[in-house]
Number of protein chains: 2
Amino acid sequence: MTEAPRRQTRQRSAVLALLDDQDGFRTAQDLHALLRERGDAVGLATVYRALQALVDDGLVDVLRNEGEAAYRRCSPVHHHHLVCRSCGRTVEVADPPVERWAARVAAEHGFADVQHQLEVFGTCAACAAR
Amino acid sequence: MTEAPRRQTRQRSAVLALLDDQDGFRTAQDLHALLRERGDAVGLATVYRALQALVDDGLVDVLRNEGEAAYRRCSPVHHHHLVCRSCGRTVEVADPPVERWAARVAAEHGFADVQHQLEVFGTCAACAAR
DNA sequence: GATGCTCATGAGAATCATTCTCGCACAGGG
DNA sequence: CCCTGTGCGAGAATGATTCTCATGAGCATC
């Protein structure tokens, strides 16, 4: 079927490695700048392409926030995020009840093929202290 | 303090009236086009300004979806959305448990000033039939 | 190790939503 | 009716993301 032959290149490894070092969501532009500083010269367009591929493969999660998208290395199991709106630090959290709730509510209204997204924003202890 | 002296103009009324006629999320561009068709000539920039004002006043909810923001007339009480990803039809739903859950999880991780967003996407009965 | 077929890359242009600029119009209080 | 300041409109500006296309590099094969 739609086999996706994904080639392993220096640039993609660099993007993934960089994401592993981050502990919060980062925008594509940020990641690009960070790669430059690191010495890994990667084109901006390539960073976008690599991120899209990683999202498709489920290795990275996206967060669309006013105008720009932020990316983060994530575990492949279903989960939600607790994000610091100041520093971007993120904690993965699970909430089994909400899964059932979403399915039930959707069914009640005749919706099928259900998907949901839940994000919690706040100020982490470190940022609140400042 | 920060009093917001909001003037009532033909354009703002038109935007709000149009939103009342829609039963799903619509992008700013869509709303602008619809106003034109209707005969209400309103500048694109004005549509954006009116929408921002309405969001600030809590009369309208925003949904950021790949690239463009969508707006919808909403009740002022806290709620979540069940959105048809095909036709955009939307149902407002409430889930008290998730409110408590969000607060508890945030507290456990030392996060303060908590806020959360939860949206459920699916295909409504009408669209699934097609 | 060389060869070839593709897909990936990179620089800059192109696209698209959104915001800004600024001169003019109008809402609303006096 | 007049004044003042806010809102409007058209087009330019901004900024993120995507596209184009010629060149470079995986990876399988010989």
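Keep in mind that the numbers below use all heavy atoms, side chains included, and drop hydrogens, waters and symmetry copies. Below, chains carry the letters A, B, ... as their sequence lines are ordered, and counting in each starts from 1.
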### Query
Hey, are A:Arg64 and A:Glu119 close enough for a salt bridge, meaning a charged N less than 4.0 Å from a carboxylate O?
no
### Query
Among B:Val93, B:Asp61, B:Val91, whose side-chain contact (heavy atoms from CB on, under 4.5 Å) with B:His80 holds?
B:Val93
### Task
Nearest 0.5 Å please: distance from the CG atom of A:Leu51 over to the CG atom of A:Asp56.
11.0 Å
#### Entry: Nucleotide interval of DNA chain C bounded by contacts with chain B (heavy-atom cut-off, under 4.0 Å)
C:dA17 to C:dG28
### Query
Does the distance from a Lys or Arg side-chain N to an Asp or Glu carboxylate O, for A:Arg38 and A:Asp21, drop under 4.0 Å?
yes
#### Entry: CG on B:Asp113 to OG1 on A:Thr123, rounded to 0.5 Å
4.5 Å
### Whole angstrom value for the distance that separates P of D:dG15 from CG of A:Asn65
18 Å
#### Entry: Short side-chain donor-acceptor distance under 3.5 Å, B:Arg49 and B:Gln11
no
### Query
Taking the six-membered ring where the residue is Trp, are the ring centres of A:Phe25 and A:His81 under 6.0 Å apart?
yes
### Query
Got a second to check how far A:Leu54's CG is from A:Tyr71's OH, nearest 0.5 Å?
10.0 Å
### Message
If the threshold is 4.0 Å, N to carboxylate O, is there a salt bridge linking B:Glu99 and B:Arg104?
### Response
no
What pairs of nitrogen or oxygen atoms, one from the protein and one from nucleotides 24-28 of chain D, lie under 3.5 Å apart?
| residue | atom | partner | partner atom | Å |
| --- | --- | --- | --- | --- |
| D:dC27 | OP1 | A:Gln8 | N | 3.2 |

Tabulate atom names and distances for all N/O pairs under 3.5 angstrom spanning the protein and nucleotides 16-19 of chain D.
| residue | atom | partner | partner atom | Å |
| --- | --- | --- | --- | --- |
| D:dT17 | OP1 | A:Ala69 | N | 2.8 |
| D:dT17 | OP2 | A:Tyr48 | OH | 2.4 |
| D:dT17 | O5' | A:Tyr48 | OH | 3.3 |
| D:dT18 | OP1 | A:Gln52 | NE2 | 3.4 |

### Task
Could you grab the distance from atom CD of A:Gln22 to atom CG of A:Asp30, nearest 0.5 Å is fine?
8.5 Å
### Task
Would you mind reading off the distance between B:Arg12 atom CZ and D:dG9 atom C1', rounded to a whole angstrom?
14 Å
